[in-house]
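Within every chain, numbering begins at 1; the chains are lettered A, B, ... in the order of the sequence lines, protein sequences first and strands thereafter. As a basis for the values below, the full set of heavy atoms in this structure was taken, side chains included, without hydrogen atoms, waters or symmetry mates.
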2 protein chains.
Amino acid sequence: MDKIRNMEEFAAVSGISRPTVSKYFNDPGSVRASTRRKIEDALERFDYRPNVFAMNQNRRLTKNIGIVVPYLADPFFAEIARNLERRCIDAGFSPTLFSSHGQTELETDILETLRSLKPAGVLLAPLGRSSDRRAVEAFCRDVPTVLFDSKIDGVGEAFIGSDNFQSVPMIVDYLCRTGEPPCFFEMQPVNPNANKRREAYIHAMEALGHVPDVIRVDGETWDFEEIGYAGGLNILKTGRLSTNTVLCSNDRLAIGVLAAAYATGAEVGHGEDKTLRIAGHDDHPFARFTCPPLTTVSQDYDAISNRSVETLFRLIGEGRESVAGTEMLFEGKLVMRASA
Amino acid sequence: MDKIRNMEEFAAVSGISRPTVSKYFNDPGSVRASTRRKIEDALERFDYRPNVFAMNQNRRLTKNIGIVVPYLADPFFAEIARNLERRCIDAGFSPTLFSSHGQTELETDILETLRSLKPAGVLLAPLGRSSDRRAVEAFCRDVPTVLFDSKIDGVGEAFIGSDNFQSVPMIVDYLCRTGEPPCFFEMQPVNPNANKRREAYIHAMEALGHVPDVIRVDGETWDFEEIGYAGGLNILKTGRLSTNTVLCSNDRLAIGVLAAAYATGAEVGHGEDKTLRIAGHDDHPFARFTCPPLTTVSQDYDAISNRSVETLFRLIGEGRESVAGTEMLFEGKLVMRASA
DNA sequence: ACCAAAAATTTACGCGCGTAAAATTATGGA
DNA sequence: TCCATAATTTTACGCGCGTAAATTTTTGGT
């Protein structure tokens, strides 16, 4: 049998009218069972697939979903992206993955590209502080968008993230209970999470009657490990540290600080013979494999990605009112390993 | 001024006929300079963008390029992908990124999706051993495809990768020169690189008059660190090791072995007081930040990605003959750090 | 200034499908 | 058996653009 060239021909061989076939591809459940069987029979015999471009040209809304992360070379985002992708596919959508690679203009370009893809919805983890706020805002007005990981106030229909004001005090408590109160090691904040974590640290310390000590090191790129390493070397060599316990703003920084500690000969861990405790935040996929393994707070990847797609689907299906201003924060869990 | 709805209207306000405008968007250089200026003037005043779907519907070939990597949670592939993306964009193409997430069916699905995107070309790093060979082969027959990183014999118009038969002997030589001859630590090979590296190791050892010792541990997933860790614990605890030097098939495995070494209290490095040397292969983005920093062989990311896109562009522009059977292997460089 | 060739532009048509409205047929319950 | 309702089909149109063919304009050499 020769190839099916278009829906017209496919409708012919399946004995169904073209508009009904069209309806089937739009939503297989919307046609009668007998009709569906006929179509699916023909589908097996002829392997026809509708032309994607023709399909989307006249649809008010496509089945496309955009997934945008700030930095894909971070396995954390790679994992989340995988999760999101799968769920979108399972729900019959076509996800497309974009990474801003830490660059403002790239993020803006991506949103522009995305707009022209007429997506049904977008899952956006913005760069944060270096996002072009106006551009993101305008985009979210036109396209149903769920923000995750990093919030921009007043932008997007909903936000899903983790509760820094729960997670940070938890690990601060732990560290204070088991040793010297921690200082807080951070870089220039790239997003609101960084700021919230610092604030949460300060509050937690004060609540426990300790004096907060925030150490900020230079660095504005997304090479967090490098920044942590350089900054770590700096504070370790200059004796800047007033405590033997360092709580890092995130795991990638902590990995850099660990490397710096190793370079300076510090013994990291919580044993008698150790001289330095280092903790992180996020439970990064590689945190289990550092030396020593990194004590940290886990973010609930699954919960965040599940809820994000759920919220987006609701937004797509039921409109803006159904999610209006949803803000869902998930709690972290303390992950005790050898480093602190 | 109200919004431009289509190319017709835009052609009107720019004082040029629609087909000429179409030609401009297809290739700005193909219209007279005076015409181009008129269009670009109008472009600034009205910010119109052609409808992507309508554009691609009737084009024999779109400007789309597919980029497929086997596992995006590996920062190595994330880095390469970023590089490839950028170069495609700069050349006026629209790259779309896909990750097979280590799953055969997903890779096959991606190729199917890609086919319907009518891409001008595809940059494909296949899963390798677990790829559906028939599916990949059929795809490459229909779509101009450049394979990179991992080769499948007889598939694709060209292959760009790194020269394992240069890089592995180099690090074997180094290790033999500076200490005990290494054993070779590997998992079930997921792709041809793994096999080539083992072979290269065996040859190199024999050439130097040593007895090769290949240690293969269980594991078929893409969680290399975990496999390296579990396998590492195993061999370290059972005293399976006949040498104090372990050359790992890749850096991610090595990171796992490093963690296992730490867990068992081994002192890793090449000093007098050290008991174990560990080396890897690839110069993974995180290899600099392990404790101790990982001695390894760098893959030339830039060269591989540059050459891959160059080859693809030639393939697209000049046809299959122009690249026929190109196989380009880049040499690695020894990266000496503290671990070996 | 003139003319043939090359380049640019216009004319004309159709791609493959979505979708609205109207007409027809199938369904299932009383 | 009949009827209200849902499902399907028919009819008809157009989306926004690519592109071959026809036409016009520009170019450059004499």
Engineer: For dC17(D), take OP1 and OP2 only and decide whether either is under 4.0 Å from a side-chain N or O of Ser22(B).
Structural biologist: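 The answer is no; no side-chain N or O of Ser22(B) sits under 4.0 Å from OP1 or OP2.
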Engineer: Pairs under 3.5 angstrom, nitrogen or oxygen only, protein versus nucleotides 3-5 of chain C, please.
Structural biologist:
none

Engineer: How would you list, by chain and number, every residue that makes a side-chain contact (heavy atoms from CB on, under 4.5 Å) with Asn51(B), sequence neighbours excluded?
Structural biologist: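 Once residues adjacent in sequence are excluded, the partners of Asn51(B) under the side-chain contact (heavy atoms from CB on, under 4.5 Å) criterion are Lys118(A), Phe53(B), Ala54(B).
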Engineer: First locate atom CH2 of Trp222(B), then atom CG of Asp74(B), and finally report the distance between them rounded to the nearest 0.5 Å.
Structural biologist: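 Trp222(B) CH2 to Asp74(B) CG: 7.5 Å, rounded to 0.5 Å.
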Engineer: Rounded to the nearest angstrom, tell me the gap between atom NZ in Lys118(A) and atom P in dC17(D).
Structural biologist: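 Rounding to the nearest Å, NZ of Lys118(A) and P of dC17(D) are 10 Å apart.
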Engineer: Show me the donor-acceptor pairs, under 3.5 Å and distance only, between side chains in residues 31-43 of chain B and residues at least two apart or in other chains.
Structural biologist:
| from | atom 1 | to | atom 2 | distance (Å) |
| --- | --- | --- | --- | --- |
| Arg36(B) | NH1 | Pro28(B) | O | 3.0 |
| Arg36(B) | NH1 | Val31(B) | O | 3.4 |
| Glu40(B) | OE2 | Tyr24(B) | OH | 2.8 |

Engineer: Would you write out the dot-bracket form of DNA chain D, 5' to 3', with Watson-Crick and G-U pairs under 3.5 Å, [ ] for crossing pairs, | for pairs to other strands and . for unpaired bases?
Structural biologist: ||||||||||||||||||||||||||||||
Engineer: Looking only at heavy atoms, which two atoms of Asp149(B) and Ala125(B) are closest? And how far apart?
Structural biologist: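 Taking Asp149(B) first and Ala125(B) second, the nearest heavy atoms are CB-CB, 4.2 Å.
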Engineer: Would you say Asn6(B) and Arg18(B) are linked by a side-chain donor-acceptor pair, where the criterion is simply a distance under 3.5 Å?
Structural biologist: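 Arg18(B) vs Asn6(B): no donor-acceptor pair found between side chains.
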Engineer: I'd like to know if the side chain of Arg133(B) and the backbone of Asp153(B) have a donor-acceptor N/O pair within less than 3.5 Å.
Structural biologist: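 Side chain of Arg133(B) to backbone of Asp153(B): a pair is present.
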Engineer: Decide yes or no, distance alone: a donor-acceptor N/O pair under 3.5 angstrom between the base of dG16(C) and the side-chain of Gln57(A).
Structural biologist: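 Indeed, a donor on one side and an acceptor on the other fall under 3.5 Å apart.
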Engineer: Grab the CG-P distance between Asn56(B) and dC17(C) for me, whole Å please.
Structural biologist: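 Going from Asn56(B) (CG) to dC17(C) (P), I get 15 Å.
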Engineer: Within the structure shown, what part of the strands sits under 4.0 Å from Asn26(A) by heavy-atom distance: base, sugar-phosphate, or nothing?
Structural biologist: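 Sugar-phosphate contact only - Asn26(A) comes under 4.0 Å of backbone atoms but never of a base.
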Engineer: Can you tell me the distance, in whole Å, between the CZ atom of Arg5(B) and the P atom of dC17(D)?
Structural biologist: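 Rounding to the nearest Å, CZ of Arg5(B) and P of dC17(D) are 12 Å apart.
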Engineer: How close or far is atom C1' of dA20(C) from atom CZ of Arg59(A), stated in whole angstroms?
Structural biologist: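 Value for this atom pair: 16 Å.
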Engineer: Rounded to whole Å, how long is the line connecting atom NZ of Lys63(B) with atom P of dG18(D)?
Structural biologist: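 Value for this atom pair: 12 Å.
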Engineer: Just grab all the ring pair (Phe, Tyr, Trp, His ring centres under 6.0 Å) pairs involving residues 133-153 of chain A, residues at least two apart or on different chains.
Structural biologist: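 Counting only pairs at least two positions apart or across chains, no ring pair (Phe, Tyr, Trp, His ring centres under 6.0 Å) contact touches residues 133-153 of chain A.
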Engineer: Could you state the atom-to-atom distance from CZ of Phe25(A) to P of dC17(C) in whole Å?
Structural biologist: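 It works out to 9 Å between those atoms.
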Engineer: Describe the nucleic acid contact of Tyr48(A) in one word from base, sugar-phosphate, nothing, applying a heavy-atom distance below 4.0 Å.
Structural biologist: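 Answer is sugar-phosphate: Tyr48(A) comes under 4.0 Å of backbone atoms only.
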Engineer: Write down the distance between CE (Met55(A)) and P (dC17(C)), rounded to a whole number of angstrom.
Structural biologist: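 About 9 Å, once rounded to whole Å.
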Engineer: Report, as a single string ordered 5' to 3', how protein heavy atoms within less than 4.0 Å touch nucleotides 8-14 of chain C: B base, S sugar-phosphate only, - not at all.
Structural biologist: SBBBB-B
Engineer: Whole angstrom is fine here: how far is it from CD in Glu8(A) over to C1' in dT11(D)?
Structural biologist: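 After rounding, the gap between these two atoms is 12 Å.
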Engineer: Taking Glu85(B) for the side chain and Pro95(B) for the main chain, is one N or O donor matched with an acceptor at less than 3.5 Å?
Structural biologist: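 No; zero donor-acceptor contacts below 3.5 Å.
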Engineer: Please assess Asp90(B) against Arg86(B) for the test salt bridge (Lys or Arg N to Asp or Glu O under 4.0 Å), listing each intermediate value before the final yes or no.
Structural biologist: CA-CA 6 Å; Asp90(B) 290 347; Arg86(B) 169 123 309 281; 3.0 Å; yes
Engineer: Mind running salt bridge (Lys or Arg N to Asp or Glu O under 4.0 Å) on Arg134(A) and Glu137(A) for me, showing each step along the way?
Structural biologist: CA-CA 5 Å; Arg134(A) 297 241 328 274; Glu137(A) 213 168 0; over 6 Å; no
Engineer: For the pair Phe313(B) and Phe93(B), evaluate ring-ring contact (aromatic ring centres under 6.0 Å, His included) and give the outcome as yes or no after the intermediate values.
Structural biologist: CA-CA 10 Å; Phe313(B) 291 163; Phe93(B) 289 91; 5.2 Å; yes
Engineer: Ser150(B) and side-chain contact (heavy atoms from CB on, under 4.5 Å): which single residue from Pro70(B), Ser131(B), Pro192(B) fits?
Structural biologist: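 Running side-chain contact (heavy atoms from CB on, under 4.5 Å) over Pro70(B), Ser131(B), Pro192(B) with Ser150(B) returns exactly one hit, Pro192(B).
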